There are 2 protein chains.
Amino acid sequence: MQAPEGLNSRERILWAAATMLGEDAGSALSVRAVAARAGVSTGSLRHHFPRQRELIDAVLGRVYDVVLRDDTIGDTSVPARERLLTSVQRLLAPEGPEIDAREGWLSALDRYAKPDATPEAREEFLSIERELRRRVEVALKLLQDEGSLPPGDNERRARFLLTVVNGTSISQAFPAPGSRLQNEIDVLRIAVDCVFETKI
Amino acid sequence: MQAPEGLNSRERILWAAATMLGEDAGSALSVRAVAARAGVSTGSLRHHFPRQRELIDAVLGRVYDVVLRDDTIGDTSVPARERLLTSVQRLLAPEGPEIDAREGWLSALDRYAKPDATPEAREEFLSIERELRRRVEVALKLLQDEGSLPPGDNERRARFLLTVVNGTSISQAFPAPGSRLQNEIDVLRIAVDCVFETKI
DNA sequence: ACCTGAACACCGTTCAAGT
DNA sequence: ACCTGAACACCGTTCAAGT
């Protein structure tokens, strides 16, 4: 596979990395692999993205922009609590054609949580987490500006909510007998209530 | 540093790996580093531990034999909130200088979350989770009987707290730059506050 | 069986050199 | 500014060869 013509190097690199994210779990975003698919040298890649993490952050930022574009966090006809709940639920199971099940949080976890995972894989996981936390924080700020959420430390709140999402994803990974989905939504609801009701 | 004499190669390797776990997070367990400290060749290391994961599993298995026992949940001289916090913290990170909960959790996830994991392995993971949830529930009941915790659904509370613990363990597994431990305790504290302050 | 060390195929990063 | 490709210092794994 080769990058489409008419794109500058930076765009070709991002395109190459994005296509590789969609492929099977084994294909990590190595400098050489991305550079080859983009049709540029490793040096050029490094010129645009001095560290590997910057490349990964850039491509994930773009991918998540597409996936989470239609966020209904601003729909004031729905109670703020429900909107936040929907928002964090979405982090748990991203939908849409660009991201199939492989790219979901669970597979990311499965892919990166191995003891012998490379430091690069861990970096990639961390940048996904950063991106998600950023989005939760944006949602919280919106609700706060709107007056629906009491003033508080949104960075701390976001960290808390994302931790609960993480924990819920483990429950998803190991479905227990019984109505698991219900349990998971229930736990998320507790966390959202916590954000609204306790002083954080 | 060099491995103590009078140990066979396998033991020297495990000793070397164990000492490296105790050092700062940056020092990964690379084949060459462990072999060098153990005073053996990489080939010898590979003879005893054909894959890197087997080495890591082996050293963690040994290290995890040292686990917590004394639970101070009943010590009424300490505020109930602090006792619950300590209790759930303990689930997360069994203490001791040589223990690294991070790697332990990772290897657990790897063992049980793989697609080709046996049903027995998943069952084992689920039973560990059940056991932990049971412990949390017992702690909650104790605090409730004592009058420190408002009446509520302890089963639901326990499920919530364990989910947070799970999520926190992911954060531990992928330590972000900054004071990670502080952040994790902070998140647990929010969850414990939530249990005490909101109606669950 | 146990051990050696070279070799292989990767990795991220750096850098002198070109345009 | 943008790009090249070699070089450096790592990785885990394999393997013919020794004892």
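Keep in mind that what you see is a predicted model, and the values were worked out from it rather than measured.
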Practice problem: Starting from the 5' end of DNA chain C, give me the residue, B:Asn8 or A:Pro50, whose nearest nucleotide shows up first. | Solution: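 On the 5' side of the pair lies B:Asn8.
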Quiz item: Mapping B:Thr42 and A:Thr42 to their closest nucleotides on DNA chain C, which lands nearer the 5' end?
Solution: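 Nearer the 5' end of the strand: B:Thr42.
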What is the separation between atom [atom1] on [X] and atom [atom2] on [N], rounded to the nearest whole Å?
X: B:Leu7; N: C:dC3; atom1: CG; atom2: P; result: 12 Å
X: A:Arg46; N: C:dC11; atom1: CZ; atom2: P; result: 12 Å
X: B:His47; N: D:dT19; atom1: NE2; atom2: P; result: 17 Å
X: A:Glu54; N: C:dT14; atom1: CD; atom2: C1'; result: 15 Å
X: B:Leu45; N: C:dT4; atom1: CG; atom2: C1'; result: 13 Å
X: A:Leu55; N: C:dT13; atom1: CG; atom2: C1'; result: 14 Å
X: B:Glu11; N: C:dC3; atom1: CD; atom2: P; result: 12 Å
X: A:Arg10; N: D:dA1; atom1: CZ; atom2: P; result: 15 Å

Quiz item: If we ignore angles and hydrogens, is there a donor and acceptor under 3.5 Å between the side chains of A:Arg46 and A:Gln52?
Solution: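 There is such a pair (donor and acceptor under 3.5 Å, judged by atom type) between the side chains of A:Arg46 and A:Gln52.
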Practice problem: Classify the side chain of A:Arg32 versus the base of C:dG12 as yes if they form a donor-acceptor pair under 3.5 Å and no if they do not. | Solution: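 A donor-acceptor contact between them is present.
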Practice problem: Kindly indicate, with the supporting measurements, whether the criterion salt bridge (charged side-chain N to carboxylate O under 4.0 Å, His left out) is fulfilled by B:Asp186 and A:Arg159. | Solution: CA-CA 9 Å; B:Asp186 185 54; A:Arg159 221 168 50 224; 2.7 Å; yes
Does a nitrogen or oxygen in the side chain of [X] sit under 4.0 Å from OP1 or OP2 of [N]?
X: B:Arg51; N: D:dT14; value: yes
X: B:His48; N: C:dC3; value: yes
X: A:Ser9; N: D:dC3; value: yes

Quiz item: Closest to the B:Gln52 side chain: D:dC11, D:dT13, D:dA6?
Solution: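 Given the options D:dC11, D:dT13, D:dA6, the side chain of B:Gln52 is closest to D:dT13.
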Self-check item: Nearest listed nucleotide, side chain of A:Val31, among C:dG12, C:dT4, D:dT4
Solution: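 Among C:dG12, C:dT4, D:dT4, the one nearest the side chain of A:Val31 is C:dG12.
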Self-check item: Residues B:Arg81, B:Glu197; criterion salt bridge (charged side-chain N to carboxylate O under 4.0 Å, His left out); working and verdict
Solution: CA-CA 11 Å; B:Arg81 235 171 250 230; B:Glu197 287 176 24; 3.0 Å; yes
Quiz item: What closest approach, in Å, do A:Ile200 and A:Cys194 show between heavy atoms, and which atom pair accounts for it?
Solution: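 Looking at all heavy atoms of both residues, the shortest contact is CD1-O, 4.3 Å.
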Exercise. Considering non-hydrogen atoms only, spot the tightest contact between A:Val164 and A:Val187 and give its length.
Key: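 Looking at all heavy atoms of both residues, the closest pair is CG1-CG1, 3.9 Å.
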Quiz item: Can you list the steps and then say if A:Glu137 with A:Lys141 is a side-chain contact (heavy atoms from CB on, under 4.5 Å)?
Solution: CA-CA 6 Å; A:Glu137 215 173 322; A:Lys141 182 174 163 32; over 6 Å; no
Practice problem: Select base, sugar-phosphate, or nothing to describe what A:Ser30 touches, counting heavy atoms under 4.0 Å on all strands. | Solution: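 Since only primed, P, OP1 and OP2 atoms lie under 4.0 Å of A:Ser30, the category is sugar-phosphate.
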Practice problem: Under 3.5 Å for both distances, Watson-Crick or G-U wobble, that's the pair rule; now give the dot-bracket for DNA chain D, with | marking pairs to another strand and [ ] for crossing ones. | Solution: ||.|||||...|||||.||
Practice problem: Evaluate the criterion salt bridge (charged side-chain N to carboxylate O under 4.0 Å, His left out) for residue pair A:Glu184 and A:Arg189; output intermediate values, then yes/no. | Solution: CA-CA 9 Å; A:Glu184 284 145 23; A:Arg189 189 178 293 276; over 6 Å; no
